2 protein chains.
Amino acid sequence: MTEHAHHQHNHNHCVKTAMENAALLCEEKGVRLTDTRKRVLELIWQGHEAVKAYDLIQQFSDGGTKPPTVYRALDFLLEQGLIHRIDSLNAFIGCPHPDHHDECGLQVLVCDECHLVEELHTHDAVSTIADAASATGFKVVRPVVEVHGLCEKCQA
Amino acid sequence: MTEHAHHQHNHNHCVKTAMENAALLCEEKGVRLTDTRKRVLELIWQGHEAVKAYDLIQQFSDGGTKPPTVYRALDFLLEQGLIHRIDSLNAFIGCPHPDHHDECGLQVLVCDECHLVEELHTHDAVSTIADAASATGFKVVRPVVEVHGLCEKCQA
DNA sequence: AATGGTTATGTTATATTATAACGCTTGTGT
DNA sequence: ACACAAGCGTTATAATATAACATAACCATT
């Protein structure tokens, strides 16, 4: 059984857990999880698919929420490690375990069909790459692995 | 000695080789390396740093070259494997070995200071990740590794 | 509860990156 | 020469993201 059985799960539980973790983490760090930030995080957690910034903006029911507001919230959430940015999609995804910050960088499987994103934590792989990098004199700061392909569902 | 001694090398040679390889490859594949495409490839090969699309556009001395022209050339060069797109930078880099298409996906070291990009080919790492991916039922199509950090020069 | 500093948000404008759509030109095979 | 496909020019616009400055909310200290 993998960490994420996406097929058939009570997603409300995912959202609830994520929001609780976020609240705790911000409490601990002494940073403020304001309404806007909370709202953006909730919207991102509507599913396990990566979400685009302008989709978030449109989902604000008030209709008056402007790009900078949302981008600022996204920046905050990124800084706190509550979400990740998927560069190859220009999109954002909730982090399921914002508490332990990752030594092995960000590793994600990205479905090209449905944009489902699942995290990996293959520590071996990244240390192999880090070694290769160091061998060339490069100082590794932030390894990112984005594996594109098809999720189980979309392999129909 | 690594593949790229960036510090002190005759870069004209890099460009020349790249252009020759490109010509050969296109010949072989029966696709046309037109003037625009050649020009864009040359401009990208002005250095080993990733180059932004709009910088390319501005570097066309005629001044009349418009975005679609350059983006079409970039699309062509990407399709032929003559360049790579660095998602985390929205930028492009020449591929030093467009002839053998890579089973281990794209792996690059990206300097956050100077945007120097160097390719890796750590086959092990990617197979480790691919295994982990397969274990979750994911079908890997295109693994991408972008390691951010500091190149030798920029570690001052 | 007033004061003042810091943090967060609102607002307007604009920068940056990329593509759609359409018509013309050029190349290629017959 | 002809027809078809591929490439390019041109205009407009979509999609993504940030700068700059004004206002408001928070909160620590008086």
Side-chain angles (χ1 to χ4, degrees), chain A residues 22-23 25-44 49-80 82-93 110 112 115 146, chain B residues 22-23 25-44 49-80 82-93 110 112 115 146:
Chain A
L25 200 82
C26 289
E27 180 78 42
E28 275 174 25
K29 295 210 217 173
V31 296
R32 293 167 53 204
L33 188 59
T34 62
D35 279 353
T36 311
R37 293 164 175 177
K38 210 182 301 188
R39 189 76 211 291
V40 168
L41 187 56
E42 270 171 3
L43 288 173
I44 288 177
E49 296 80 27
V51 182
K52 306 217 140 214
Y54 273 75
D55 289 345
L56 292 172
I57 291 165
Q58 290 189 318
Q59 282 171 60
F60 269 81
S61 44
D62 61 12
T65 301
K66 307 278 171 61
T69 301
V70 170
Y71 277 101
R72 284 193 283 232
L74 289 170
D75 287 344
F76 170 85
L77 297 169
L78 286 168
E79 272 164 26
Q80 307 308 321
L82 294 166
I83 62 173
H84 299 300
R85 184 171 199 281
I86 311 299
D87 287 326
S88 49
L89 297 177
N90 294 340
F92 303 85
I93 187 81
V110 180
D112 287 330
H115 291 175
E146 297 185 7
Chain B
L25 200 82
C26 289
E27 180 78 42
E28 277 173 25
K29 295 210 215 173
V31 296
R32 293 168 53 205
L33 188 60
T34 62
D35 279 352
T36 311
R37 292 164 176 177
K38 211 182 301 188
R39 189 74 211 292
V40 168
L41 186 56
E42 270 172 1
L43 286 173
I44 288 177
E49 296 80 27
V51 182
K52 307 217 137 212
Y54 274 74
D55 288 345
L56 291 172
I57 291 164
Q58 290 188 318
Q59 281 172 60
F60 269 81
S61 44
D62 61 12
T65 301
K66 306 279 172 57
T69 301
V70 169
Y71 277 101
R72 284 193 284 231
L74 290 170
D75 287 344
F76 170 85
L77 297 169
L78 286 168
E79 273 164 25
Q80 306 308 323
L82 294 167
I83 61 173
H84 300 300
R85 184 172 198 281
I86 309 301
D87 288 326
S88 49
L89 297 177
N90 295 339
F92 303 85
I93 186 82
V110 180
D112 286 330
H115 292 176
E146 297 186 6

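By convention in this document, chain letters (A, B, ...) are assigned in the order of the sequence lines, proteins followed by strands, and residues within each chain are numbered from 1. A quick note: this is a predicted structure, and the numbers were derived from the prediction, not measured.
Here the side chain of B:K52 pairs a donor or acceptor atom with the backbone of B:L89 at under 3.5 angstrom. A donor-acceptor pair is defined here as one N or O able to donate and one able to accept, closer than 3.5 Å; such a pair exists between the side chain of B:E146 and the backbone of B:D87. Side chain of A:R37 to main chain of A:R32: a donor-acceptor pair is present (N/O by atom type, distance under 3.5 Å, no hydrogens or angles).
Regarding A:R39, its CZ atom lies at a distance of 13 Å from the P atom of C:dG10, rounded to whole Å. In this structure, A:F60 atom CZ and C:dT9 atom C1' are separated by 12 Å, rounded to whole Å. Nucleotide C:dG10 holds its C1' atom 17 Å from the OH atom of A:Y71, rounded to whole Å. Rounded to an integer number of Å, the gap from B:L33 CG to D:dA6 C1' is 15 Å. In this structure, CD of A:E79 is placed 13 Å from C1' of C:dA8, rounded to the nearest angstrom. A:F76 has its CZ atom 13 Å from the P atom of C:dT7, to the nearest Å. Separating the NZ atom of A:K38 from the P atom of C:dA8 is a distance of 14 Å, rounded to the nearest angstrom. Computed from coordinates, the A:D75 CG to D:dT18 P distance equals 7 Å when rounded to whole Å.
Nearest-nucleotide mapping onto DNA chain D: of B:V31 and A:P67, the residue sitting toward the 5' end is B:V31. With the nearest nucleotide of DNA chain C identified for both B:A91 and A:R37, A:R37 has the one nearer the 5' end.
Ranking C:dT11, D:dT16, C:dT17 by closeness to the A:K52 side chain, first place goes to D:dT16. Set against C:dA8, D:dT10, D:dT16, the side chain of A:R32 has C:dA8 as its closest nucleotide. Set against C:dA20, C:dT11, D:dG7, the side chain of B:P68 has C:dA20 as its closest nucleotide. Checked against D:dG9, D:dT16, C:dT11, the side chain of B:R72 finds its nearest nucleotide in D:dG9. Of the candidate nucleotides C:dT11, C:dT17, C:dA21, C:dT11 has the atom nearest to the side chain of A:K66.
Between B:Y54 and C:dT16, no base-stacking contact is recorded for ring centres under 5.5 Å apart and planes less than 30° from parallel.
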Take A:V40 and A:T69, measure what side-chain contact (heavy atoms from CB on, under 4.5 Å) needs, and give me the verdict at the end. CA-CA 10 Å; A:V40 168; A:T69 301; over 6 Å; no
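For A:T69, a side-chain nitrogen or oxygen approaches OP1 or OP2 of C:dG10 to under 4.0 Å.
Closest non-hydrogen pair, A:A50 versus A:I86, comes out as CB-CG1, 4.4 Å.
As judged by a 4.0 angstrom heavy-atom cut-off over every strand, A:T36 is placed among residues touching the sugar-phosphate backbone only.
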